[in-house]
**Student:** 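Supplied in C-alpha cells, the structure appears directly below.
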There are 2 protein chains.
Amino acid sequence: MANIKEIARMAGVSVTTVSRVLNRHPYVSEDKRAAVLEAVRKLDYVQNLNAVHLIKGKTSMIAVVLPYVDNPYLSSPVEGILSEANQCGYRVVLCQTNYRPEEELNVLEMLRMKQVDGVIITSRTNDWDVIKPYLAYGPIVVCEDAGDEPLSCAYIDHYRSFETGLRYLTAQGHRHVACCMGRRGSNTSLVREHAVREALAAVQEPLRPEWMFYDALSMEAGVEVAHRLAGMNPRPTAVLAGTHQTAAGLVAEARKLGLRVPDDLAVIGFDNHMLGQLLDITAVEQSNKDVGRAAFQMLHRYIAEDRYEAEKQELPVRLVERSTV
Amino acid sequence: MANIKEIARMAGVSVTTVSRVLNRHPYVSEDKRAAVLEAVRKLDYVQNLNAVHLIKGKTSMIAVVLPYVDNPYLSSPVEGILSEANQCGYRVVLCQTNYRPEEELNVLEMLRMKQVDGVIITSRTNDWDVIKPYLAYGPIVVCEDAGDEPLSCAYIDHYRSFETGLRYLTAQGHRHVACCMGRRGSNTSLVREHAVREALAAVQEPLRPEWMFYDALSMEAGVEVAHRLAGMNPRPTAVLAGTHQTAAGLVAEARKLGLRVPDDLAVIGFDNHMLGQLLDITAVEQSNKDVGRAAFQMLHRYIAEDRYEAEKQELPVRLVERSTV
DNA sequence: CTGAAAGCGCTTACAG
DNA sequence: CTGAAAGCGCTTACAG
C-alpha cells in the first residue's frame, strides 16, 4: 500500500504538502494540490489511520461496556449511543462483559492504551474505586446514578421508577406485591428494594423476601416467574416486572397457566419497548435509549473540550395505564 | 504518559529489551526483566496500542456492518459475532448503516485505512461490484448467499426457508397465502419471492402482489399487517411472517381485531427467538446468531492465516409445529 | 505558499 | 542475552 512519501515523490512536493492537502489545510497552491490529488488517485492512496491516531493521540472511537447483547433491556442504551456517535463521526467498540470484572477492566485498559478516546459503562460489576483511577486516562460516563462519586452519569432513577409502579399498585388496593429484579446485590437492585420496602411500609406491609425474584430481566425469566407464582399460596396479587420483556413473558405464561390478568394477577412492566404496547401492558415508561444518547453527548463533550467534570443527568419516568392492572 | 524510552532509561536497559519483556520474548535475563517490570510498575506504564498497531499492521479489531441495532432480527448475527470475537481476543466495531450505501462504504474504508483487520457485512445495500474491490485490503465475510461471487459467506438459504414454510401451509390446505418480506427489491426479498412463487405454482396458485407486504420485519410492521389483512376481502387464510417479531405483532394484533388464529388466519414465524416460544408460534427455525458465529470464525481464520478463499457455509432450517397453523 | 526535520511510540532484523 | 539503528506512516512547529 502506498504511503505519503510515495505520493510526495510522485507529485513532486514534500510530504508536508501532501499532508496539508490530505487534511484540507489552507495555503496550498492549486497546482500542487492538483498534483497531490492526482498522485493519490493513481496510487489508490489513503492514510493509515493507525499512524494518524498515534500522532494525534486520538482515535475517534469510544468503547461501550455492555453485560449482554442479547438482552434487549440491557442493550437498549447502545441504540442511543450508536445513533449519536454516528452523527458525531465516532465509532463505537462494543464490549460484552458477561458481568465479568476482568472484562470490564480490559475495556478500561483500552482507554489507558489509547485505543479509544472514552468509555461508556452501561452496567458495571466493579466497585467505583477500581473504576475511578481510569479517569486519569480519559473520560468515562456511566449509565446509573453515581451518587457522590466524581463520575459523570446519565440514568433513570430506579428508586423513583419502582416507587411510581408500586404506589400505583397500592393505590389500586394491592397489598401483596412481588417484584422482578436484576442481579441480587447489584446497585440497581439495592435501590429498587429500598423503594419497594418504603412504598410497602407506607401501607403497613412488609417486604417479603420470597416474593422477590432475582436475575429476572428477560422474557425467559418472566415465564419462569409465572410458574413460580402459579404455585404459590398465598399468592401475590400483583407483580412489578423489571422490564417489558419480563412482563411479556409473565403475562403470556400466566394466562397459559389459567391465571387471569389483571384479575388474578396484575402486572406492571418497565421501559418503552413496542412489546409493552403490543401486549397492552401497564408500564412505568422510561427510555434506556435516551440514557445512552445522553451518555454519549456528555462523553463527546468531554472529549471535544478535553476536560472532564462530573455531572449528573436524570431521565424522566412516567406511568402509562394499560390493561394489566 | 510514560513511553518505552523512559522505561528503558529507568531500568537501565535498551528499548529493545523493554519491548522484549513487554512482548514476553524469550532470551531476557531475569534481572533485566525484573528491572523493566519494576520500572513499568513505578511509571504506571502501558503500551500505546496505536503505535503497536501501526508497526504490526494489525489491530485485532473487526468492523461489523449492521443496518439497524434496534431490530432484533437484523441484529441477531451480532450476538454470535461478539461471543466468538470475545473468545479470540478480537474487538468489534459496530457500524450502523441505516442501509445507506455511503455508510457501508465508510466501513469498508476502515479496512482500507487499516483501522480494522476484517469486515463482516450482515446486510448490504451496495452491489457486489462495489464491495469486491475492498477484498484487496483485507478479508470480508457476508451473511447472505453470495452466489458465485468470490466472497465468503455464512447464510441461511432464504429460498429453502420460505419454501419450507409455504409447503407446510399448502400441505395443510392453505391456498391463499400472504407474505411479510424485508425491503422491496433486496436480494433476500427476490429469493423469497421466487420461493413463494414456485411453491404456490405447485398448487396452481398465482402469487398475488397485493398480498406481499414489504418492510415488514418488525413487531410494529406485524401490527400494521394485521390491520391491513383484517380489512381485506377476500382475505388470505395464512401468512408467512418474515420474522418472529413480525409474527408476534401479527398474532397479537389479529386477535385484538377479532380474528381467530389459526382458524381465521394461520401464521408462521421465522428465527428461533424466545418470543416465538412464548406466543406459541409455528415457525421455520433458523439461527441468525449461528450465522454470525460462523461468519466470525471464517473471518478469523482468514486473518490468522493471512489468506482469503471464498467459501460458502449454509446454516440449517427446520419447521417447528406450534399452535398458529 | 513550501519543505527539511523532528517526533509520535513502538518493533525488529542485524550484529555482536 | 543485548543494544544501536532503521523503520512503521503520519503531523506539525519552525524557518523561510
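Bear in mind the structure is a predicted one, so any value in this text is a computation, not a measurement. Chain A is the first sequence line, chain B the second, and so forth, proteins listed ahead of strands; every chain is numbered from 1.
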**Student:** Test: salt bridge (charged side-chain N to carboxylate O under 4.0 Å, His left out). Region: residues 51-72 of chain A. Which pairs qualify, not counting sequence neighbours?
**Tutor:** none
**Student:** Quote, to the nearest angstrom, the P distance that separates D:dT2 from D:dA6.
**Tutor:** 23 Å
**Student:** Quick one: which protein N/O atoms are closer than 3.5 Å to N/O atoms of nucleotides 13-15 of chain C? Pair and distance per line, please.
**Tutor:**
none

**Student:** Test A:M113 against every option in B:V52, B:N48, B:L49 by the side chain to side chain contact (heavy atoms under 4.5 Å, CB included) rule and name the one that passes.
**Tutor:** B:L49
**Student:** Shortest non-hydrogen contact from A:E311 to A:S152?
**Tutor:** N-OG, 2.9 Å
**Student:** Could you tell me how far apart A:N50 (CG) and C:dC10 (C1') are, to the nearest whole angstrom?
**Tutor:** 12 Å
**Student:** Please measure how far the P atom in D:dA13 lies from the corresponding atom in D:dG9, and state the result in whole Å.
**Tutor:** 23 Å
**Student:** So, does B:S19 get its side chain near the phosphate of C:dC10, meaning an N or O under 4.0 Å from OP1 or OP2?
**Tutor:** no
**Student:** Going by ring pair (Phe, Tyr, Trp, His ring centres under 6.0 Å), name the residues that satisfy it together with A:Y308, two or more places apart in sequence or in a different chain.
**Tutor:** A:Y302
**Student:** Within the pair A:T17 and C:dT2, is there a side-chain N or O less than 4.0 Å away from OP1 or OP2?
**Tutor:** no
**Student:** How many angstroms lie between SG in A:C143 and CD1 in A:I156, if you round to the nearest 0.5 Å?
**Tutor:** 9.5 Å
**Student:** Please give, in whole Å, the distance from C:dC10 P to A:K114 NZ?
**Tutor:** 11 Å
**Student:** Which atoms of nucleotides 6-9 of chain D (N or O only) lie under 3.5 Å from a protein N or O atom, and what are those distances?
**Tutor:**
none

**Student:** Roughly how many Å apart are D:dG16 and D:dT12, using the C1' atom of each and rounding to a whole number?
**Tutor:** 16 Å
**Student:** What residue pairs, at least two apart or across chains, pass salt bridge (charged side-chain N to carboxylate O under 4.0 Å, His left out) with a residue in residues 74-85 of chain B?
**Tutor:** B:E84-B:R293
**Student:** Sequence neighbours left out, what pairs pass salt bridge (charged side-chain N to carboxylate O under 4.0 Å, His left out) with at least one residue falling in residues 40-53 of chain B?
**Tutor:** A:R112-B:D44, B:E38-B:R41, B:E38-B:K42
**Student:** Could you check whether any side-chain N or O of B:E104 sits under 3.5 Å from a backbone N or O of B:T125, counting only pairs where one atom can act as donor and the other as acceptor?
**Tutor:** yes
**Student:** Can you list every salt bridge (charged side-chain N to carboxylate O under 4.0 Å, His left out) pair that touches residues 138-150 of chain B, not counting sequence neighbours?
**Tutor:** B:R124-B:E144, B:K132-B:E149, B:D145-B:K312
**Student:** Dot-bracket for DNA chain C, 5' to 3', counting Watson-Crick or G-U wobble pairs under 3.5 Å, with [ ] for crossing pairs and | for inter-strand pairs?
**Tutor:** |||.||||||||.|||
**Student:** Does anything in residues 22-35 of chain B come within less than 4.0 Å of DNA chain D? Heavy atoms only, and list the residues if so.
**Tutor:** B:Y27, B:V28, B:S29, B:K32
**Student:** Rounded to whole angstroms, how far apart are CG on B:L49 and C1' on C:dT11?
**Tutor:** 14 Å
**Student:** B:Y137: which residues meet the ring pair (Phe, Tyr, Trp, His ring centres under 6.0 Å) condition with it, sequence neighbours left out?
**Tutor:** B:Y134
**Student:** Any donor-acceptor pair under 3.5 Å linking the side chain of A:D117 with the backbone of A:I62?
**Tutor:** no
**Student:** Restricting to ring pair (Phe, Tyr, Trp, His ring centres under 6.0 Å), what partner residues turn up for A:Y155, sequence neighbours left out?
**Tutor:** none
**Student:** Counting only pairs under 3.5 Å, give me each side-chain donor-acceptor contact of residues 1-12 of chain A, with atom names and distances, residues two or more places apart or in other chains.
**Tutor:**
| unit_1 | atom_1 | unit_2 | atom_2 | d |
| --- | --- | --- | --- | --- |
| A:N3 | OD1 | A:K5 | N | 3.1 |
| A:N3 | OD1 | A:E6 | N | 3.1 |

